[in-house]
Every structure is written in C-alpha cells, then in structure tokens.
Participant: 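Can you read through this structure? Questions will come right after.
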Amino acid sequence: MKFEVSSTALLSRLQSISKVIASKNSLPILDSFLFDLNGDLLTITASDAETRLVTSVEVMNTEGAGLFAVSAKILLDLLKELPEQPLRFEINDENLEIFIHFENGKYNFIGQKGDTYPQQKPLGETHTDLTLDAQTLMNGISRALFATADDELRPVMNGIYFDIHNEDITFVASDGHKLVRLRNMSVHSKERAAFILPKKPANLLRNILAKEGEPVLIQFDENNAYINCSNFEMVCRLIEGRYPNYNSVIPQENPYKVTIDRVSFLTALKRVSVFSNPASSLVKLHLTENKMIVSAQDIDFSTSAEEKIVCQFSGIELKIGFKATYLIEILSNISSEEVVLELADPSRAGLIIPTVNDSNEDLLMLLMPMMLND
C-alpha cells in the first residue's frame, strides 16, 4: 500500500481522536490508530474498548487498499515536530513494515494487522434517531458535565441524562449535592426516549463539537449510541440503568428570592473561600434587606473573612451555608449577568437561576445547603 497525505491535515485529525486512547489498555492494539485505506480516503479509528472515535482524511497517489494499525505514540510524537509538508507512506503488505518519506529523510517502523482491532457492535433493530444542532448539543454537555458524579455504587449518576420529549430535550446531571437541568425547546422528537451518556465520551464530544457547524445525528439503542458529525463519528457504550426522577428533588415553593450580580457574587466567593476550612469549604450567606454578607472562617487557624454585596432582597433575615467550591462551579457555568437565588429555609436546597436565558433554553441549577453551627 502507498499513499501521500498532508502532515498538518493528518496531525489535526489524529490529535482530535487521540484523547480517547486510554493510558493503560486491556488489548495492546488499542495503543494504536487503525488505518483503513480505501481509494482516496484514509479512515482513522481510535478506541478504548468502551468508546470509539472515527475520522477520515483525503489522501493522494494511492496504491492498494487495506487495514493496518500504527502506534499512536510514535505517529503523534513525530508529526508534532514536522512542519507542513507532504508525507509518503509505504506499507509492506507482507510484514507491515511502514516507511514514512518526507522532505529531509524517512522513518521506518513496524505496524500491526488491522483485522485484530476490536469491531463495534451494530445498533439493534429498534433504535431511536435524534438530530440536533451541534451548538445545542455542545451547550447541553458543557453546562451539565461539571455536575456529574464519580460514584461506583450508583453508576447512573456518572453521566449526563438526555431526557427526550416531543417538544424539547432536557440535559440533566447530578452528584447528589448539586444538580443541573437544562431544557432546550428547539429540539423536537417523534417519540419519547432517554439515555445516559458517560462522562468520558461527553468530554470528548464537547471538544469535537467546538469545531462543528453541521447538525449532529444521534442514533441509540439500550446499550450503544452512534453520534455522527460532519468530520467525526463517535460510538460509545451507554450507562445502563434508570435515572432518578430529577424533578421530584427540585423544591417548588421558594418564598425568598435574591437577585444579585453574578460576577460580583462569584469573585466575592472566590476571595472569601480562601479563609474557609479546607475540609468543608463552608461559606455562610447572611441575607438582610437588599444586602448579602458572604463570610467564612477557619477556627483551627484563626482566620476569617466577610464581604458585603448589594442585592435585591426583601423578607425576613436569613442565614444559609453552602460549599464554596460547588457554588463557584455553578456560577461559573452560567452566562447571565444576574442570577436569582430561590431559597426556602437553611435546610432545603437552594435554586440558582439566570435572570436571562439563552434563546430556547431554560436553565436551573440546584445546590444542597450545609449545616451552620450558629
């Protein structure tokens, strides 16, 4: 087999899919990229057995066709150091010896047989199709990903729940302390369906979608999802199990509403939390008429801090505690200039809602409080 390809075109494709390769693989061949040469198209696959990313690059002056596997580390390390230039690959079909000729020399190493690379199971006959805008999907994943759990006992919490209805799609993630619910009304489906996308493929997908402009087709059954973009295809195993009823944990009656500038609140939290106990990261919010006092203390080291922030609040005096790191994460994942805190009492979950949502979106974030000693 022989073909020529642009070094930068090949490198950009390889870098996009290389993040799927695990540092330790159960099968040695999964440390390699699978190359499939067919005509003027080179299809490249990377996998960790659970998740698979496929892309393709146009090649020239081809001779022959076939499958072979190339060490990911060797190829990425050498391409990173090469300036843009045409590369000529020559592969010996008998022993899979690979020569890469370039402007100033050549590289030589041994490939592996491609037919030993694990194949992906096809979708079942009864599968669901869903088409949505790349930006919509990226937004849903980006907003929800930080709230996913790392819980071996409840694996369903370790991914993003896609709850698909006829008139909208809802992205949900929760780790038991915080919850994100993003409803998008621009996506319509012919049937009611749902699946849980694991954290690793969600992260990979977010990076890929940043460069995509075309609509994305998601096809899924009970076990696997095929996600097709214009330049990539992802195949991943879904998390099996029933996702908890997320709407039931969202408090409906919240008499106390605080409207506050998001950036002022966020920067104050970042400063004050420096003085909180590192183990608990507890900050206290003390609400009085149109004023919030954010405070933290670490008794062990006799340090404390407090800051006053102007806000819109009318009602009885209220004190509530939150884990600063969680609250900072939530505020960092909202883009609105102002947010509304909806509170009931110091023992019930607080809601953080943007005052202005993006078009066709309805975003809600929930955070469980921490007990205050005073």
Side-chain angles (χ1 to χ4, degrees), residues 142-154 157-158 173-180 199 249-251 254-354 363-374:
S142 299
R143 294 283 176 83
L145 194 58
F146 80 94
T148 54
D150 287 305
D151 191 340
E152 290 180 7
L153 300 175
R154 292 189 300 168
M157 309 298 282
N158 299 344
S174 176
D175 61 2
H177 303 286
K178 53 189 183 288
L179 177 142
V180 176
K199 189 181 292 193
V249 301
I250 299 171
N254 304 297
Y256 306 114
K257 291 180 170 56
V258 187
T259 304
I260 191 164
D261 181 81
R262 182 183 69 85
V263 175
S264 300
F265 189 21
L266 178 60
T267 51
L269 278 169
K270 285 179 178 177
R271 291 188 294 265
V272 170
S273 64
V274 173
F275 296 86
S276 66
N277 183 316
S280 66
S281 188
L282 170 67
V283 291
K284 182 168 75 175
L285 309 182
H286 182 183
L287 290 158
T288 53
E289 187 81 25
N290 291 333
K291 184 175 73 175
M292 177 193 283
I293 297 174
V294 183
S295 62
Q297 64 173 351
D298 186 354
I299 297 167
D300 297 342
F301 291 94
S302 301
T303 60
S304 65
E306 69 173 47
E307 287 197 29
K308 292 176 190 167
I309 312 172
V310 176
C311 62
Q312 293 174 37
F313 174 71
S314 57
I316 62 163
E317 187 178 343
L318 182 70
K319 293 179 182 177
I320 189 167
F322 288 113
K323 192 176 178 79
T325 49
Y326 291 163
L327 196 49
I328 287 166
E329 274 187 315
I330 284 174
L331 292 169
S332 299
N333 281 278
I334 296 176
S335 54
S336 169
E337 285 186 16
E338 290 186 324
V339 292
V340 178
L341 268 68
E342 294 191 6
L343 306 167
D345 64 60
S347 63
R348 288 176 64 191
L351 301 183
I352 299 104
I353 298 165
L363 177 65
L364 175 146
M365 300 206 183
L366 173 149
L367 184 58
M368 297 300 292
M370 294 177 73
M371 293 300 291
L372 293 171
N373 296 325
D374 48 8

Participant: Report the distance from atom CG of Asn277 to atom CD of Gln297, rounding to the nearest 0.5 Å.
Facilitator: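 With rounding to 0.5 Å, CG (Asn277) is 9.5 Å from CD (Gln297).
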Participant: How far does CD of Glu329 sit from NZ of Lys178, to the nearest 0.5 angstrom?
Facilitator: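 Between Glu329 CD and Lys178 NZ, I get 4.5 Å after rounding to 0.5 Å.
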Participant: Going from OH on Tyr326 to CE on Met368, what distance comes out if it is rounded to the nearest 0.5 angstrom?
Facilitator: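 Reported to 0.5 Å precision, the distance equals 12.0 Å.
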Participant: Would you check if Leu343 and Leu285 make a side-chain contact, meaning some heavy-atom pair closer than 4.5 Å?
Facilitator: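 A side-chain contact is absent here, since even the closest heavy-atom pair is not under 4.5 Å.
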Participant: Going by salt bridge (Lys or Arg N to Asp or Glu O under 4.0 Å), name the residues that satisfy it together with Asp345, two or more places apart in sequence or in a different chain.
Facilitator: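 Scan of Asp345 (salt bridge (Lys or Arg N to Asp or Glu O under 4.0 Å), adjacent residues dropped) gives none.
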Participant: Quick check on side-chain contact (heavy atoms from CB on, under 4.5 Å): which of Ile353, Leu266, Ile352 does Ile334 satisfy it with?
Facilitator: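 Considering Ile353, Leu266, Ile352, a side-chain contact (heavy atoms from CB on, under 4.5 Å) with Ile334 is found only for Ile352.
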Participant: Give the minimum heavy-atom separation between Ala344 and Pro255, together with the two atoms involved.
Facilitator: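 Scanning both residues, the minimum pair turns out to be CA-CD, 3.9 Å.
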Participant: Nearest 0.5 Å, please: how far is CG in Leu287 from CD1 in Ile260?
Facilitator: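 It comes to 8.0 Å.
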Participant: Inspect the surroundings of CD in Glu337 and state if more than 12 heavy atoms from other residues, nucleotides or ligands are less than 6.0 Å away.
Facilitator: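 No, CD of Glu337 has 12 or fewer neighbouring heavy atoms, counting only those of other groups under 6.0 Å.
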Participant: Does some side-chain heavy atom of Ser174 sit less than 4.5 Å from a side-chain heavy atom of Met157?
Facilitator: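 Sidechains of Ser174 and Met157: in contact.
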Participant: For the residue pair Pro346 and Leu372, establish whether any side-chain heavy-atom pair is separated by less than 4.5 Å.
Facilitator: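 A side-chain contact is absent here, since even the closest heavy-atom pair is not under 4.5 Å.
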Participant: How long is the straight-line distance from CZ of Phe322 back to CD1 of Ile328, given to the nearest 0.5 Å?
Facilitator: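 So the gap between those two atoms works out to 13.5 Å.
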Participant: Measure from the side-chain N and O atoms of Ser281 to the backbone N and O of Pro278, and report whether any donor-acceptor pair falls under 3.5 Å.
Facilitator: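 Side chain of Ser281 to backbone of Pro278, a donor-acceptor pair under 3.5 Å: no, none is there.
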Participant: Quick one: side chains of residues 307-318, donor-acceptor pairs under 3.5 Å with protein atoms, not counting sequence neighbours, listed by atom name and distance.
Facilitator:
residue, atom, partner, partner atom, Å
Glu307, OE1, Arg271, NH2, 2.9
Glu307, OE2, Arg271, NE, 2.8
Glu317, OE2, His286, NE2, 2.5

Participant: Please examine the side chains of Asn333 and Val180, heavy atoms only from C-beta on, and report whether any two atoms are closer than 4.5 Å.
Facilitator: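 They are not in contact (no side-chain heavy atoms under 4.5 Å apart), so the answer is no.
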Participant: Would you give the length of the straight line joining atom CE of Met365 to atom CG of Leu341, rounded to the nearest 0.5 angstrom?
Facilitator: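 Met365 atom CE to Leu341 atom CG measures 12.5 Å (nearest 0.5 Å).
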Participant: Kindly give the heavy-atom pair with the smallest separation between Leu366 and Ile250, and that separation in Å.
Facilitator: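 Nearest heavy atoms, Leu366 then Ile250: CD1-CA, 3.9 Å.
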Participant: Can you run down the ring-ring contact (aromatic ring centres under 6.0 Å, His included) pairs that involve residues 327-354, sequence neighbours left out, and say none if there aren't any?
Facilitator: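 Sorted result for residues 327-354: empty, none.
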Participant: Which heavy-atom pair separates Ala349 from Pro251 by the least distance, and what is that distance?
Facilitator: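 Here Ala349 and Pro251 meet closest at O-CG, 3.7 Å.
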Participant: What pair of heavy atoms forms the shortest contact from Ala144 to Ala173, and how long is it?
Facilitator: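 Ala144 and Ala173 have their closest heavy atoms at O-CB, 3.2 Å.
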Participant: Taking the side chain as every heavy atom from C-beta outward, state whether Arg143 and Ser335 have any pair of such atoms under 4.5 Å apart.
Facilitator: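 Arg143 reaches Ser335 side chain to side chain.
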Participant: Would you mind reporting whether Arg262 and Val339 have side-chain heavy atoms less than 4.5 Å apart?
Facilitator: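 They are in contact (side-chain heavy atoms under 4.5 Å apart), so the answer is yes.
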Participant: Evaluate the side-chain proximity of Thr259 to Val340: yes if any heavy-atom separation is below 4.5 Å, no if none is.
Facilitator: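 Counting from C-beta outward, Val340 and Thr259 do come under 4.5 Å.
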Participant: Main chain of Phe275, side chain of Asp298: is a donor-acceptor contact present, judged purely on distance under 3.5 Å?
Facilitator: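 Checked: no pair found.
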Participant: How far apart are the closest heavy atoms of Leu179 and Val249, and which atoms are they?
Facilitator: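 Closest heavy-atom pair between Leu179 and Val249: CD1-CG2, 3.9 Å.
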Participant: Provide the closest heavy-atom pair for Gly321 versus Leu282 in the form atom of the first, atom of the second, distance.
Facilitator: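 Smallest heavy-atom distance, with atoms named: CA-CD1, 3.9 Å.
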Participant: Are the side chains of Leu145 and Lys199 in touch, meaning some heavy atoms are under 4.5 Å apart?
Facilitator: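 Contact flag for Leu145/Lys199 side chains = yes.
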